[in-house]
**Student:** 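Have a look at this one before I ask anything.
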Amino acid sequence: MKVLLTGAGGQIGHDLISHLTDAGHHVVATDLAPRPATHASHVDWRRLDVTDATAMHATFADVRPDLVFHLAAILSARGEKDPVLAYNVNQTGTWNLLEAARATGVGRILFTSSIAVYGPGLPDPTPDDVALWPTTMYGITKVSGEMLCDYYRRRWGMDIRGVRFPGLISAAEPGGGSSDYALFMYVDGVRRGAYEAFARPDTRIPLMYMPDGVRALLDLSRADRAGLTRCVYNVAAFSPRADEIAASVKRALPDVQITYKSEPVRQGILDSWPRALDDSRARADWGWKAEYDLEAMTADLIPKIRAMGPGPTSVTHAH
Ligand code: SER
């Protein structure tokens with residue numbers, strides 16, 4: 001199968017590409033950024049600016065993918081620093097992608113949405129369908145992206161599916177999300193022996209280990225269309241408090257120093273998100289179930305970060 005990714009150089013693309021190439025698919029990875037050193041030269045890596053409708057159309061007309069994973073986005077924290085960029089990449093980029101896919105006849109599209117579609121005052125756990133009042137430009141463009149996907153599905157009969165991801169945790173460098181405090185407890189814990197989190201210790205949002213995130217995308221991409229009762233699904237794994245993550249990291253790295261200095265913008269975003277997600281619809285419709293809990297993630301992730309050796313930390317990473 002020919003599989004095209006947008007935003008392939010980001011945190012999800014990093015792990016998804018190897019799964020797709022291992023499964024024998026022809027992967028066309030697109031991003032503004034050049035091919036990262038971590039990706040083998042057999043991956044067909046092409047420059048694509050998703051805000052450029054002409055370039056998007058030309059890429060789709062040339063590749064004619066059977067399956068598209070639309071990953072390109074400016075995440076919540078970076079998007080609050082530059083809302084215009086977030087609007088252009090997330091909103092116009094999704095619009096350009098849907099139009100190019102419609103014009104060239106793409107088989108199937110996977111859209112990556114987020115817990116950021118939600119706003120304050122949510123039930124706990126939060127179901128798929130509640131009023132969506134996001135506080136960030138990122139969240140607003142994800143709500144709109146979900147609605148556009150649903151519209152193109154109904155209006156043009158296109159096969160579009162999506163997931164609302166929790167904060168994703170992996171060893172790859174993140175891209176300016178508000179959930180990055182969780183990831184940096186691991187990355188800085190291994191590489192620097194210390195981390196000062198930008199969130200309060202009692203911060204609790206839905207999180208997921210990347211292998212489950214990749215599996216969610218792959219499982220949904222293979223699901224029987226007739227069994228899908230909605231376009232975009234909540235997927236959940238676990239919802240620890242920040243200090244519970246720190247305690248788990250500390251059990252694996254007893255000398256680590258984790259401290260807290262809540263930063264108002266990112267804390268405000270985190271406090272507006274669900275504490276936990278209800279993903280019963282994904283479980284019922286396509287058999288979704290996360291495999292990793294917090295302890296299983298800690299056991300798997302710390303050796304992986306160690307094996308990677310030196311690399312980015314919260315100190316070198318500008319969100
Ligand atoms: N991890 C993302 C963020 O923090 C949420 O989708 O922006």
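Treat the numbers as computed from the prediction; the structure is a model and nothing was measured. Quick note: numbers below take in every heavy atom, side chains included, and nothing from hydrogens, waters or symmetry partners. Read the numbers this way: they start at 1 and go in the same order the structure lists the ligands and their atoms.
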**Student:** Just which atoms of ligand 1 are under 4.0 Å from any heavy atom in G177?
**Tutor:** 3 (C), 4 (O), 7 (O)

**Student:** Under a 4.0 Å N-O cut-off, is there an ion pair linking R46 with D62?
**Tutor:** yes

**Student:** Does any N or O of ligand 1 fall below 3.5 Å from an N or O anywhere on S76, backbone included?
**Tutor:** yes

**Student:** For the residue pair E80 and T136, confirm or rule out a side-chain donor-acceptor distance under 3.5 Å.
**Tutor:** no

**Student:** Could you tell me, atom by atom, which parts of ligand 1 come under 4.0 Å of a heavy atom of L75?
**Tutor:** 7 (O)

**Student:** What's the shortest distance from atom 2 (C) of ligand 1 to any protein heavy atom, and which residue and atom give it?
**Tutor:** S179 OG, 4.0 Å

**Student:** Would you say F165 contacts ligand 1, with heavy atoms under 4.0 Å as the rule?
**Tutor:** no

**Student:** Just jot down the ligand 1 atoms closer than 4.0 angstrom to any heavy atom of W273, in number order.
**Tutor:** 3 (C), 4 (O), 5 (C), 7 (O)

**Student:** Does any donor atom in the side chain of Y186 or T298 lie under 3.5 Å from an acceptor atom in the other side chain?
**Tutor:** yes

**Student:** Please verify the inter-ring angle class for W95 with Y152; under 30° counts as parallel, over 60° as perpendicular, anything in between as tilted.
**Tutor:** perpendicular

**Student:** Which residue owns the protein heavy atom closest to atom 6 (O) of ligand 1, what's the atom, and how far is it?
**Tutor:** S114 OG, 2.6 Å

**Student:** Exactly one of R266, R241, Q267 should register a side chain to side chain donor-acceptor pair (under 3.5 Å) with T203. Which one does?
**Tutor:** Q267

**Student:** Give the numbers and elements of all ligand 1 atoms closer than 4.0 Å to a heavy atom of S178.
**Tutor:** 3 (C), 4 (O), 7 (O)

**Student:** Without hydrogens or angle criteria, can the side chains of D128 and Y233 be said to hold a donor-acceptor pair below 3.5 Å?
**Tutor:** no

